[in-house]
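Every chain is numbered from 1 and lettered A, B, ... according to where its sequence line falls, protein lines coming before strand lines.
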Amino acid sequence: MLDIKVIRENPDWAKQKLATRGIKGQEIDELISIDEKRRAALSESEELKAKRNKVSKQIAQAKRNKEDAGAAIAEMRAVGKRIKDLDAQVAELTDKQRYILLRLPNFPADSDPIGPDDSYNEEVRKWHEPTKFSFEPKAHWTLGEDLGILDFDTAAKVSGARFVYYKGAGALLERAVYNFFLDENTSEGYHEVIPPYLVNDDSMTGTGQFPKFTEDVYTIVDNDDPDKPLDLTLIPTAEVPLVNYYRGKIVDGQKLPINVTALTPAFRSEAGSAGRDTRGLIRMHQFNKVEMVKLCKPEDSWAQLEELTHNAEHLLQKLGLPYHVVALSTGDASFTSAKTYDLEVWLPYQHKYREISSCSNCTDFQARRAQIRYRDENGRVHLVHTLNGSGLAVGRTVAAILENYQNEDGSITVPDVLAPYMHGMKKITKENAF
RNA sequence: GGAGUGUUGUCCGAGUGGUUGAAGGAGCAUGAUUGGAAAUCAUGUAUACGGGGUUUUUCCUGUAUCGAGAGUUCGAAUCUCUCACACUCCGCCA
């Protein structure tokens, strides 16, 4: 959520910033007008309340002295009515203001490429050239199915489209990858957490998924009363329970930055994406992801974003997977983000880079919604800045390993760093199938 | 699922309609004392929003907040209703 004070004091700047994210100026004008009306009503109500408090004390005093307070009581009865009236106005205006504020995206950083969509994204750096093959590389789903380590057909029968069974060496590979990620992240100072996979609406609102993006997630309903959703949603990312852990808290400033990491499944309904990436592991309704979250002081967040991005990059480097880093344009970055670097890994069959991690500085946008604050050395309270990044999407990493490490005979060479996690298995072949 | 109890400031804990933003204690901060420390003493110790002053910081003032929301009242932490959560016991269960 944006700070109404910032918008109030710099309306033109706010409009210009949000215009790069597709927000119209009228919306901001409306917001400012509501804010003015709200403060006017609030001021009047508070003045009357001050009067009422004062007179009420006099009434109490009069009663103690056994004096008559009838006139004052009658007067305050009228004042009370007017206060109730004004408070109703304030409440209505506050709701309206909140309605708009909850749906406005974060201000983009000055360094963001400006543009409406991903064609305006800018490559920041590239690591290694795309993998070269002396043969025609196959798609990871072909490799996986031929090796008997991925089974999409049976998953379709059991669950539906966009689900998968990992089997045998495939399951082992998935497990090896996420254990490797968790070990790397914890050695970089991230604290490991296993959070709930179902969260309530307040949490979804706190990290910015709600109220705008209810379409993208799975919410639980009561079978006996299907019209009434329970206040529980399957997490679309571990970011939600990780950040909301701190919702409503004031943390000691000396403990910042706080780094946490978690492996969780992520559940996404992906409405509107029908037809895209219909095959393979790239776009699933359920996928494993290791997430990294940072809470820090505002002045540190830009340095922390670089660190977070490098943490994620090192994972790809150790796996030997070619990738590049892309700065997202103002129109492509996520709702909560001020600046986002996407890590895109090379997928030989598609012959292009595909997102495998998204590292964002959300500045105080989530912290304001979730009321996450810290106390500085002087005892003063401020909002923290929050950052999140995948480290990394596990399924997509497996896809990238299958495609980049494939051999002409369809076997997969296991990346060296994963060997200890694969019980020494050097190669995945058909003999590993069941 | 059934029955009961409870939810007050950083923590513990008092408080059943009127100088209660909230007793008391602990903790913490600053100062005094000390060679230093402990002990002791003194002072201070919430957040949000509005207004004013300053605009680096400090400050003044009003309002609200005692799980959340609504109601009764001139006035509610205190009375009424709804909801959420926690704990205890019983039942069921991986």
Are any of the side-chain nitrogens in A/Asp85 or A/Arg82 under 4.0 Å away from the carboxylate oxygens of its partner? yes
Report yes if at least one side-chain N or O of A/Arg77 is closer than 4.0 Å to OP1 or OP2 of B/C74; otherwise report no. yes
Output the rounded distance in Å from CD (A/Glu46) to P (B/C49). 12 Å
Looking at A/Tyr245, does the NZ or CZ of A/Arg247 lie under 6.0 angstrom from its six-membered ring centre and within 45 degrees of the ring axis? no
Under a 3.5 Å limit for both distances, which nucleotide forms a Watson-Crick or G-U wobble pair with B/G50, could you say? B/U61
Does a nitrogen or oxygen in the side chain of A/Lys84 sit under 4.0 Å from OP1 or OP2 of B/U72? yes
If only side-chain N and O atoms of A/Asn53 are considered, is one of them under 4.0 Å from the OP1 or OP2 phosphate oxygen of B/A64? yes
Under 4.0 Å from OP1 or OP2 of B/G51: is there any side-chain N or O of A/Arg39 that close? yes
Given RNA chain B, 5'-ward residue of the pair A/Val55 and A/Ile4, judged by closest heavy atom: A/Ile4
Starting from the 5' end of RNA chain B, give me the residue, A/Lys49 or A/Ile73, whose nearest nucleotide shows up first. A/Lys49
Measure CG/A/Asp252 against P/B/U45 and give the value in whole Å, please. 20 Å
Using a 4.0 Å heavy-atom cut-off, does A/Ala50 contact any base of the nucleic acid, only the sugar-phosphate backbone, or nothing at all? sugar-phosphate
Under a 4.0 Å N-O cut-off, is there an ion pair linking A/Lys289 with A/Glu291? yes
Suppose you measure atom C1' in B/A29 against the same atom in B/U10; what distance do you get, rounded to whole Å? 13 Å
For the pair made of CZ in A/Arg247 and C1' in B/G67, what is the distance, rounded to whole Å? 14 Å
Flag for A/Gln304-A/Asn361: side-chain donor and acceptor within less than 3.5 Å: no
Specify the separation, in whole Å, of atom CG of A/Asp231 and atom C1' of B/A68. 13 Å
At under 4.0 Å, does any side-chain N or O of A/Arg375 touch on OP1 or OP2 of B/U10? no
With the side chain of A/Arg38 defined as its heavy atoms from C-beta on, choose the nearest nucleotide among B/G18, B/G50, B/U63. B/G50
Choosing from B/A48, B/G62, B/G75, which nucleotide comes nearest the side chain of A/Arg373? B/A48
I want to verify a distance call: between B/G18, B/C49, B/U47, whose nearest atom is closest to the A/Val381 side chain? B/U47
Does A/Ile59 reach a base, just sugar-phosphate, or nothing at all? Heavy atoms under 4.0 Å. base
Atom P, compared across B/U80 and B/U5: separation rounded to whole Å: 14 Å
Over all strands shown, is A/Lys5 touching base, sugar-phosphate only, or nothing at heavy-atom distances under 4.0 angstrom? sugar-phosphate
Under a 4.0 Å threshold between the charged nitrogen and the carboxylate oxygen, would A/Glu27 count as salt-bridged to A/Lys15? no
So what does A/Arg82 hit on the nucleic acid, given a heavy-atom distance under 4.0 Å: a base, only sugar-phosphate, or nothing? nothing
Checking N1-N3 plus N6-O4 or O6-N4 for Watson-Crick, or N1-O2 and O6-N3 for wobble, each under 3.5 Å, the partner of B/G24 is B/C12
